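Written below as structure tokens is the structure these notes are about.
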Amino acid sequence: MQHVLSEQELLRRQKLEEIRNSGIDPYPAEEFLINASTVDIKQNYNRDKLNYKDISIAGRIMSVRDMGKAAFAELQDSSGRIQIYIKRDEICPGEDKSLFDLLWKKWVDIGDIVGLTGYVFTTKVGEISLHVQSLKLLCKSLKPLPIVKTDASGEAYDEVTDPEFRYRQRYVDLVINPRVKKTFELRTQMMNSIRSFLNEHGALEVDTPVLQSIPGGASARPFMTHHNALNIPLYLRIANELYLKRLIVGGFDWVYEFSRNFRNEGMDRTHNPEFTILEFYVAYRDYFWMMNTTEKMLEAVAIDLHGTPEVNVDGKIISFAAPYKRISIYDAIKEHTGVDVSSMQEEELRLVCNKLNVQADKTMGKGKLIDQLFGNKCEMHYTQPTFIIDYPVEMSPLTKKHRSVSGLVERFELIVNGKEIANAYSELNDPLDQRSRFEDQVKLMERGDDEAMFIDHDFLRALEYGMPPTAGIGIGIDRLCMLMTGEVSIQDVLFFPQMRPEHRTENETKE
RNA sequence: GAUUCCGUAGCUCAGCCGGUAGAGCAUUACACUUUUAAUGUAAGGGUCCCGGGUUCGAGCCCCGGCGGGAUCACCA
């Protein structure tokens, strides 16, 4: 894919040939046995010196300080880095000094992967280091690694900050920016923590279809594809809600799934075309129970990750300690616009939107208009976790009607740092009501709302067999991860965020 | 999709009023057997994102495109 090789790349290819010609395999097949990690050595050496002979470690050479007949270098393995000390007469005890003079001094570059054996010692200046007794090349690297140097005070020089470079070549980003690796390790810890919480409470993790013939469970534009053998259109899922509810019909009491969803919409620092939502559904519960459970779970996760419910996001301290504030969407709108919209109909709402400079076109029904008002005027004000509750029925086609207030549904969204991270409700289980809500969606679609829901007849059939009263929730895992790791862009919590393809000329693609 | 900023060596970045392309690190050579942003001396390295235009002359000005960031719109 590279048309013109740089000076440094040509040189590394030459070295590769010289290595081969000398009889050394630059890409050996046999395993290299490791018996320690750099972090293990650094943490335990001082306490337990006797056990740090005959050490075998492997990793990437990250810097070299040659000193003539000896050299210091830094080796990075999956756990961290350690300084290594290589003395010529130590690794080449006989007459033949080529292992040091050629392999080490001429051929090994920064970025190469090597296996080392030796013993641990502390240098004059007090740095725990590996005194190398044998050196084996495990992989010759052909591209120069952009090296980030850090001085004694921890300040980084030549740090690769170009987001395009970092996202397109995440493998390099991970090698050279240790913080990035930490973010992704934290993401996995977060998922594990959520799993533990749910499993300990008796939930069952399940898998449901990604390819769906009717994309349901959310209002969004789907990606379309085609199945050749069946000769039918299929959609990549926008949500797994309707499938999890079918499982509740089938007799499971608590199911959950980390669902990779796909939505064919705009991208920005909080939206990627594919993203992950945790959904779970619990029989015989309602949305109050779900609020209690959600705040308990998020508090537990934050403590698991940080030892405290407080996290620092963009200079703001956000506390996940339960309980969270609860406020109805009408009260929220009243609080931030001064307008009581609770009894308004569509036309009046549109006037309010126009007056407040909130976009309100003709395809928008009452529910969407209220959603617009909240999204544009209120949402950003909720920094600390806040449950917004009791939404109008028009914007919630899968939600059970409110037990005491007509026109509302039993739904909440959780807002943190001005962004929605969860959406939940007492699930609608009245099959006839569900059918008429779907039919309302069809009317919206006919008005031009390209995000209105399709009718899912099989789902209606399932509900007709009977679904127990159920509470359900969807939690945006990427956004939660942003909060838990302090990242402000979704691209920094996804290994490979969606990017435009890199431009390639005819020649470049051949290589 | 709209607005706006950006694209120069492997990396981070300078580049004046339009006048033959610069630094640090990295690389190469030599020296150096406990250094740590190692050091000293020397050297090499460029499709200035791409394509047009203006000009005697363009990294710089103008037009178009590609890619990225930010803001907005849509959305979670």
Side-chain angles (χ1 to χ4, degrees), chain A residues 3-12 14-15 62-74 81 83-90 100 105-106 109-111 121-127 129 131 142-168 172 176 218-221 238-239 261-277 358-359 361 368 371-372 375-376 379 413-415 419-423 449-451 474-480 482 488-491 499-505:
Chain A
H3 187 213
V4 185
L5 292 175
S6 72
E7 182 195 32
Q8 291 188 43
E9 288 172 304
L10 285 170
L11 229 133
R12 286 184 178 218
Q14 274 170 33
K15 290 177 180 179
M62 296 304 285
S63 74
V64 176
R65 297 181 285 277
D66 259 315
M67 311 245 338
K69 293 178 185 63
F72 287 94
E74 272 182 291
R81 285 191 192 186
Q83 175 169 269
I84 62 173
Y85 177 62
I86 302 186
K87 222 172 5 174
R88 189 183 70 173
D89 298 334
E90 190 92 23
F100 186 85
K105 287 194 81 167
K106 302 273 185 200
D109 288 306
I110 286 170
F121 74 114
T122 308
T123 63
K124 266 187 193 167
V125 235
E127 177 143 354
S129 309
H131 193 119
L142 296 182
K143 284 182 85 68
L145 201 58
I147 274 309
V148 181
K149 290 198 168 190
T150 313
D151 68 16
S153 63
E155 194 171 343
Y157 296 81
D158 293 347
E159 191 174 8
V160 179
T161 49
D162 175 15
E164 182 170 5
F165 184 106
R166 292 186 45 229
Y167 301 149
R168 286 196 197 279
V172 179
I176 63 181
S219 302
R221 293 203 299 275
I238 56 174
N261 295 343
F262 307 83
R263 298 191 186 173
N264 206 341
E265 289 162 350
M267 307 161 52
D268 58 31
R269 70 208 278 219
T270 55
H271 299 265
N272 194 68
E274 59 182 288
F275 63 104
T276 305
I277 282 191
V358 172
Q359 194 200 333
D361 62 55
K368 189 109 183 186
D371 196 33
Q372 287 279 348
N376 284 293
E379 196 173 58
E413 290 193 356
L414 176 61
I415 312 293
K419 277 281 170 189
E420 177 193 342
I421 68 154
N423 181 18
D449 185 345
D450 54 2
E451 289 170 353
I475 299 175
I477 288 298
D478 310 294
R479 288 189 179 174
L480 184 62
M482 288 164 65
V488 293
S489 169
I490 198 169
Q491 297 173 106
M499 301 286 275
R500 269 204 176 76
E502 283 179 87
H503 179 254
R504 294 259 178 271
T505 69

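All chains are named by letter (A, B, ...) in the order of the sequence lines, taking the proteins before the strands, and each is independently numbered beginning at 1. All of these numbers come straight from a predicted model, not from anything done at the bench.
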Can you tell me how far [atom1] in [N] sits from the matching atom in [M], rounded to whole Å?
{"N": "B/U28", "M": "B/A38", "atom1": "P", "result": "15 Å"}
{"N": "B/C56", "M": "B/C63", "atom1": "C1'", "result": "22 Å"}
{"N": "B/G51", "M": "B/C16", "atom1": "P", "result": "23 Å"}
{"N": "B/A23", "M": "B/A42", "atom1": "P", "result": "13 Å"}
{"N": "B/U27", "M": "B/C11", "atom1": "P", "result": "14 Å"}
{"N": "B/A21", "M": "B/C49", "atom1": "P", "result": "14 Å"}
{"N": "B/C6", "M": "B/U12", "atom1": "C1'", "result": "15 Å"}
{"N": "B/C60", "M": "B/G24", "atom1": "C1'", "result": "24 Å"}

Return the value, rounded to whole Å, for the distance between atom [atom1] of [X] and atom [atom2] of [N].
{"X": "A/Arg500", "N": "B/G1", "atom1": "CZ", "atom2": "C1'", "result": "11 Å"}
{"X": "A/Asp66", "N": "B/U27", "atom1": "CG", "atom2": "C1'", "result": "13 Å"}
{"X": "A/Glu9", "N": "B/G45", "atom1": "CD", "atom2": "P", "result": "16 Å"}
{"X": "A/Leu5", "N": "B/G45", "atom1": "CG", "atom2": "P", "result": "16 Å"}
{"X": "A/Glu74", "N": "B/A26", "atom1": "CD", "atom2": "P", "result": "13 Å"}
{"X": "A/Leu11", "N": "B/A29", "atom1": "CG", "atom2": "C1'", "result": "12 Å"}
{"X": "A/Glu155", "N": "B/A37", "atom1": "CD", "atom2": "C1'", "result": "10 Å"}
{"X": "A/Tyr167", "N": "B/G69", "atom1": "OH", "atom2": "P", "result": "7 Å"}

Just by distance, do the side chain of A/Lys143 and the backbone of A/Gln8 share a donor-acceptor pair under 3.5 Å?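 Not a single qualifying donor-acceptor pair exists.
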Given 3.5 Å as the limit, does a donor-acceptor pair link the side chain of A/Arg65 with the main chain of A/Phe72, or not?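 No, A/Arg65 side chain to A/Phe72 backbone: no donor-acceptor pair under 3.5 Å.
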Distance-minimising heavy-atom pair for A/Pro146 and A/Val160: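 Of all heavy-atom pairs spanning A/Pro146 and A/Val160, the closest is CB-CG2, 3.6 Å.
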Restricting to non-hydrogen atoms, name the atom on A/Thr270 and the atom on A/Ile490 that form the minimum distance, rounded to 0.1 Å.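 Distance-wise, the nearest heavy atoms are O-CD1, 3.8 Å.
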Establish, with yes or no, whether the OP1 or OP2 oxygen of [N] is under 4.0 angstrom from a side-chain nitrogen or oxygen of [X].
{"X": "A/Gln491", "N": "B/G69", "result": "yes"}
{"X": "A/Arg269", "N": "B/U71", "result": "yes"}
{"X": "A/Arg221", "N": "B/C74", "result": "no"}
{"X": "A/Lys106", "N": "B/A29", "result": "yes"}
{"X": "A/Asn376", "N": "B/A73", "result": "yes"}

Across the strands shown, which category fits [X] at heavy-atom distances under 4.0 angstrom: base, sugar-phosphate, nothing?
{"X": "A/Thr270", "result": "base"}
{"X": "A/Glu90", "result": "nothing"}
{"X": "A/Gln372", "result": "sugar-phosphate"}
{"X": "A/Arg168", "result": "sugar-phosphate"}
{"X": "A/Gly266", "result": "base"}

With a 3.5 Å limit on both atom pairs, tell me what [N] is paired to, counting Watson-Crick and G-U wobble, or say none.
{"N": "B/G19", "value": "B/C56"}
{"N": "B/U3", "value": "B/A70"}
{"N": "B/C30", "value": "B/G40"}
{"N": "B/G24", "value": "B/C11"}

Going by the rule salt bridge (Lys or Arg N to Asp or Glu O under 4.0 Å), which residues pair with [X] if we only count those two or more places apart in sequence or in a different chain?
{"X": "A/Arg12", "result": "A/Asp109"}
{"X": "A/Glu164", "result": "A/Arg168"}
{"X": "A/Asp66", "result": "none"}
{"X": "A/Glu413", "result": "A/Arg411"}

By nearest nucleotide on RNA chain B, pick out whichever of A/Ala220 and A/Ile110 is the more 5' one.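 Whichever sits nearer the 5' end wins; that is A/Ile110.
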Specify the residue among A/Lys15 and A/Ala422 whose closest nucleotide of RNA chain B lies further upstream toward the 5′ end.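 Here A/Lys15 is the residue nearer the 5' end.
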Is there any protein nitrogen or oxygen under 3.5 Å from a nitrogen or oxygen in nucleotides 2-12 of chain B, and what are the pairs?
{"unit_1": "B/C11", "atom_1": "O2'", "unit_2": "A/Asp158", "atom_2": "O", "d": "3.0"}

Out of B/A70, B/G67, B/C74, whichever nucleotide has its closest atom nearest the side chain of A/Glu265: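 The nucleotide sitting nearest to the side chain is B/C74.
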Relative to each other, are the rings of A/Phe121 and A/Tyr85 parallel, tilted or perpendicular (30° and 60° limits)?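 Judged by the thresholds at 30° and 60°, the geometry between A/Phe121 and A/Tyr85 is tilted.
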Just wondering, do [Y] and [X] contact through their side chains at under 4.5 Å, heavy atoms?
{"X": "A/Ile147", "Y": "A/Met62", "value": "yes"}
{"X": "A/Asn272", "Y": "A/Asp478", "value": "no"}
{"X": "A/Gln491", "Y": "A/Arg166", "value": "no"}

Please enumerate all protein N or O atoms sitting under 3.5 Å from an N or O of nucleotides 33-35 of chain B, with distances to 0.1 Å.
{"unit_1": "B/U33", "atom_1": "OP2", "unit_2": "A/Lys69", "atom_2": "N", "d": "3.2"}
{"unit_1": "B/U33", "atom_1": "O4", "unit_2": "A/Asp89", "atom_2": "OD2", "d": "2.1"}
{"unit_1": "B/U34", "atom_1": "O2'", "unit_2": "A/Lys124", "atom_2": "NZ", "d": "3.3"}
{"unit_1": "B/U34", "atom_1": "O2", "unit_2": "A/Lys124", "atom_2": "N", "d": "2.9"}
{"unit_1": "B/U35", "atom_1": "O2", "unit_2": "A/Arg65", "atom_2": "NE", "d": "2.8"}
{"unit_1": "B/U35", "atom_1": "O2", "unit_2": "A/Arg65", "atom_2": "NH2", "d": "3.2"}
{"unit_1": "B/U35", "atom_1": "O2", "unit_2": "A/Gln83", "atom_2": "OE1", "d": "3.4"}
{"unit_1": "B/U35", "atom_1": "N3", "unit_2": "A/Gln83", "atom_2": "OE1", "d": "2.8"}
{"unit_1": "B/U35", "atom_1": "N3", "unit_2": "A/Gln83", "atom_2": "NE2", "d": "2.9"}
{"unit_1": "B/U35", "atom_1": "O4", "unit_2": "A/Gln83", "atom_2": "NE2", "d": "2.5"}
{"unit_1": "B/U35", "atom_1": "O4", "unit_2": "A/Thr123", "atom_2": "OG1", "d": "2.8"}

